[in-house]
Student: 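Let me begin by handing over the structure; questions about it come next.
Numbers here are sequence positions counted from 1.
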Amino acid sequence: MSEHSEPSLAVKVATMGATLAAGWVAQKLIKTIWEKATGSDAPIDLDADDIPVVQAITFAAVTGGVAVLARRLARQGVAKAVDRRAEKVSVV
């Protein structure tokens, strides 16, 4: 898929599906790592008064960074798959 062409509906749907799956996996991974690293459950409500500000900020930053990474990797994975598929189709 070239950088300037509009992606097809199938590519958009595949990208959305891959992004949702990557986000779900990233969420589970963050929760598991957070619980092992801190010894406490991952925060659910970052505005709750019983969560220290530093912990809330750290969790939000980690979660946001991993979400961006997951979204970009999902989009790039779909783009590479589409390019490979296009190469196979054009060769035949």
Student: Does anything in residues 55-72 pair up under salt bridge (Lys or Arg N to Asp or Glu O under 4.0 Å), and if so which pairs, sequence neighbours excluded?
Tutor: none
Student: Which residues satisfy the side-chain contact (heavy atoms from CB on, under 4.5 Å) test with Ala70, sequence neighbours excluded?
Tutor: Ala22, Ala26
Student: How long is the span from the CD atom in Gln76 to the OG1 atom in Thr15, to the nearest 0.5 Å?
Tutor: 11.0 Å
Student: Enumerate the ring pair (Phe, Tyr, Trp, His ring centres under 6.0 Å) contacts for residues 11-58, please, sequence neighbours excluded, ordered by first and then second residue.
Tutor: Trp34-Phe59
Student: Do Gln27 and Lys31 have side chains that get closer than 4.5 Å, going by heavy atoms?
Tutor: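 Sidechains of Lys31 and Gln27: no contact.
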Student: Would you compute the distance between atom CG of Leu73 and atom OG1 of Thr19 and round it to the nearest 0.5 angstrom?
Tutor: 10.0 Å
Student: Name every donor-acceptor pair, under 3.5 Å, that has one atom in a side chain of residues 41-58 and the other anywhere in the protein, sequence neighbours excluded.
Tutor:
{"from": "Asp45", "atom 1": "OD1", "to": "Asp47", "atom 2": "N", "distance (Å)": "3.1"}
{"from": "Thr58", "atom 1": "OG1", "to": "Val54", "atom 2": "O", "distance (Å)": "2.8"}

Student: So do Leu29 and Val66 actually touch side chain to side chain, heavy atoms under 4.5 Å?
Tutor: no
Student: List for me each residue that meets salt bridge (charged side-chain N to carboxylate O under 4.0 Å, His left out) alongside Lys12, sequence neighbours excluded, and say none if there are none.
Tutor: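 Scan of Lys12 (salt bridge (charged side-chain N to carboxylate O under 4.0 Å, His left out), adjacent residues dropped) gives Glu6.
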